[in-house]
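The analysis underlying the following values was restricted to heavy atoms, covering all of them including side chains, and did not include hydrogens, waters or symmetry mates.
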Amino acid sequence: MTLWTATLVAAIVCVALKTLGYLVPPRVLEAPRPSRISDLLTVALLAALVAVQTLGSGQAIVVDARVPAVLVAAGLLLLRAPFLVVVAAAALVAAVLRLWGWAA
């Protein structure tokens with residue numbers, strides 16, 4: 001299977017799943033259990049994305065300047081700092097650590 005074939009098949013599957021989502025009756029989606037599952041699934045997927053992007057490098061787990069930067073960002077978010085301040089502080093921490101030679 002070529003890359004374009006796989007891409008087209010994936011696109012067709014995505015459109016089919018989206019279409020099937022519109023066919024689900026609203027009463028099913030508004031029930032407490034599916035609503036709770038969708039809320040928790042969103043958080044779990046976002047946490048997994050952050051973990052993979054922070055610790056992943058190919059097939060290996062790497063601890064480099066990204067880890068302290070994410071920890072600084074998490075701390076600032078807990079303190080309810082503005083988002084731009086969080087991003088700037090995390091970038092500054094990663095840049096300084098990489099300047100000091102702690103980079104992958």
Side-chain angles (χ1 to χ4, degrees):
M1 183 181 294
T2 66
L3 183 60
W4 282 109
T5 305
T7 303
L8 289 174
V9 169
I12 291 168
V13 169
C14 286
V15 169
L17 284 173
K18 185 168 182 137
T19 302
L20 286 174
Y22 285 118
L23 300 177
V24 175
R27 64 179 168 80
V28 172
L29 297 175
E30 293 169 356
R33 180 173 281 165
S35 177
R36 181 81 174 140
I37 289 172
S38 67
D39 288 345
L40 293 176
L41 188 61
T42 304
V43 172
L45 288 173
L46 182 58
L49 176 65
V50 169
V52 167
Q53 292 297 313
T54 301
L55 298 172
S57 179
Q59 294 292 323
I61 294 176
V62 177
V63 177
D64 61 4
R66 294 176 290 182
V67 174
V70 169
L71 292 174
V72 166
L76 288 173
L77 285 172
L78 286 174
L79 295 173
R80 302 209 184 270
F83 186 68
L84 289 177
V85 172
V86 171
V87 171
L92 182 66
V93 167
V96 167
L97 289 176
R98 287 183 175 162
L99 179 68
W100 290 343
W102 195 28

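- Within a 6.0 Å radius of CG in Leu84, no more than 12 heavy atoms belonging to other residues, nucleotides or ligands are found.
- Taking hydrophobic clusters as Ile, Leu, Val, Met, Phe, Trp and Tyr residues chained together by side-chain heavy-atom distances below 4.5 Å, Trp100 shares a cluster with Val72.
- At least one donor-acceptor pair closer than 3.5 Å links the side chain of Ser38 to the backbone N or O of Ser35.
- In this structure, CG on Leu76 lies 11.0 Å from CG on Leu71, to the nearest 0.5 angstrom.
- Of all the heavy atoms in Val63 and Val67, the pair that sits closest is CG1-CG2, 4.0 Å.
- Applying the 6.0 Å contact sphere to CD1 of Ile61 captures no more than 12 heavy atoms from other residues, nucleotides or ligands.
- Residues Val93 and Val87 do not share a hydrophobic cluster, defined by chaining ILVMFWY side chains whose heavy atoms lie under 4.5 Å apart.
- Rounding to the nearest 0.5 Å places CG of Leu41 at 11.5 Å from CG of Leu46.
- Side chain of Thr2 to backbone of Thr5: a donor-acceptor contact under 3.5 angstrom is found.
- If you take CG on Leu97 and CG on Leu92, they are separated by 9.5 Å, rounding to the nearest 0.5 Å.
- Judged as a side-chain contact (heavy atoms from CB on, under 4.5 Å), and not counting sequence neighbours, the contacts of Val70 are Val50, Thr54.
- Using modelled atom types, no side-chain atom of Arg98 and backbone atom of Ala65 make a donor-acceptor pair closer than 3.5 Å.
- Note on Leu40: it does not cluster hydrophobically with Leu29, by side-chain heavy-atom contacts below 4.5 Å among ILVMFWY residues.
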